[in-house]
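Just so it is clear, the model here is predicted, and its values are computed rather than measured. Chain identifiers are assigned alphabetically (A, B, ...) following the order of the sequence lines, protein sequences preceding nucleic acid strands; residue numbering begins at 1 within each chain. Hydrogens, waters and symmetry mates are skipped; everything else that's a heavy atom, side chains included, is used.
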Protein chains: 2
Amino acid sequence: MKNQFDYIDQQILLKLRSDARKAYSQIAEELKVSNSLIHQRVKKLTETGVIKKADLILDEKKLGYNTKAYVGIRLKEARFATKVVEKLREIKEVTECNYVSGKYAIFALVYAKDNDHLRSVLYDQIHEVDGVGGTDSFICFTTNFDRSVPVVIS
Amino acid sequence: MKNQFDYIDQQILLKLRSDARKAYSQIAEELKVSNSLIHQRVKKLTETGVIKKADLILDEKKLGYNTKAYVGIRLKEARFATKVVEKLREIKEVTECNYVSGKYAIFALVYAKDNDHLRSVLYDQIHEVDGVGGTDSFICFTTNFDRSVPVVIS
DNA sequence: GCTGAAACAAGTAGTGT
DNA sequence: ACACTACTTGTTTCAGC
């Protein structure tokens, strides 16, 4: 598998990333190639796993989530890691979970309705998980930007 | 603006979130409502800003980004914040940037080709920004999960 | 606020170069 | 690897309930 894409691939990815519902026929027209070529390329990009899915980006605040916080989680012992991740997965407010280097074993992203809801998720749910030693929270005041990686690496 | 959606709205959001290119006519069929109702609802959800966009989720590793790190940024003085954010925005490897509570002023997400590229972004770019006092990096070894918030809050 | 129908546009699959 | 054609399916709009 090579990780370089030709001009057509790049343009398809760029155009679909700005609007995943854009008609393939319109992309074809813009790139001055046939309709079916776009279908073939998208199919290939999907089959090779470059395109994972076409997702809908919703406004979390309009859904009622007014608080967002990054949470660093320490473990009592490293061997608890797998089980802790499985428990975190069951907490719907935890949307992201990574093993990381540094002073935390796990780094998670948590969305909550308000500060009280966040407190509840942290202390009634995360702290109750067997093996969790402690947490540090970084509450987001403002999200300045949130975007995707460039398709082509500079 | 109310933040509660009826069954149709919820189902549309759920179905489009699992596949943003799903045909509206198919959603209509599944929900046993008319084709045009789905269009009307999606239009309204988009106009009110609940739906921000239909995006394409790509596999970062297949694009060549093998390193992902959360970076906590300290500032020399709080007044540098706005300017630092604008400089970070120019660094394409920085995909997310938030003002946060706690020991860091800014919390960012950085994607890089490899560890050497990450080092370069951190020390040749972020540390060179005027006002940045220091950084702590949490390098992701594994992303266990990364998902969206539930449409309906439990 | 929702449906239905009709005109139009896009997606799909097969064929050929 | 790409284009062309014919066919199927989805989208859009608007009159009417």
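- To the nearest angstrom, C1' of dG1(C) lies 16 Å from CG of Leu31(B).
- To the nearest angstrom, P of dC2(C) lies 10 Å from CD1 of Ile12(B).
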Sequence-aligned protein contact record of nucleotides 4-17 of chain D, with B where the base is within under 4.0 Å of a protein heavy atom and S where only the sugar-phosphate is: B-----SBBB----
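- For the pair Ile38(B) CD1 and dG4(C) P, the interatomic distance rounds to 13 Å; values are reported in whole Å.
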Atom pairs and distances, side-chain donor-acceptor, residues 99-113 of chain B, under 3.5 Å, sequence neighbours left out:
residue: Ser101(B); atom: OG; partner: Ile139(A); partner atom: N; Å: 3.0
residue: Tyr104(B); atom: OH; partner: Asp136(B); partner atom: OD2; Å: 2.5

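- Here the side chain of Thr46(A) pairs a donor or acceptor atom with the backbone of Val42(A) at under 3.5 angstrom.
- Within the 4.0 Å cut-off from OP1 or OP2 of dT12(C), not a single side-chain nitrogen or oxygen of Lys43(A) is found.
- Atom NZ of Lys44(A) is separated from atom C1' of dC2(D) by 12 Å (rounded to the nearest Å).
- In this structure, the side chain of Arg21(B) does not engage the main chain of Lys53(A) through any donor-acceptor pair within 3.5 Å.
- Here the rule is side-chain contact (heavy atoms from CB on, under 4.5 Å) with Tyr24(B), and of Ile12(B), Leu37(B), Leu16(B) only Leu16(B) fits it.
- Gln125(B) pairs by the side chain to side chain contact (heavy atoms under 4.5 Å, CB included) definition with Ile91(B), Glu93(B), Val121(B), not counting sequence neighbours.
- In terms of modelled atom types and a separation under 3.5 Å, the side chain of Lys62(A) and the main chain of Thr48(B) share a donor-acceptor contact.
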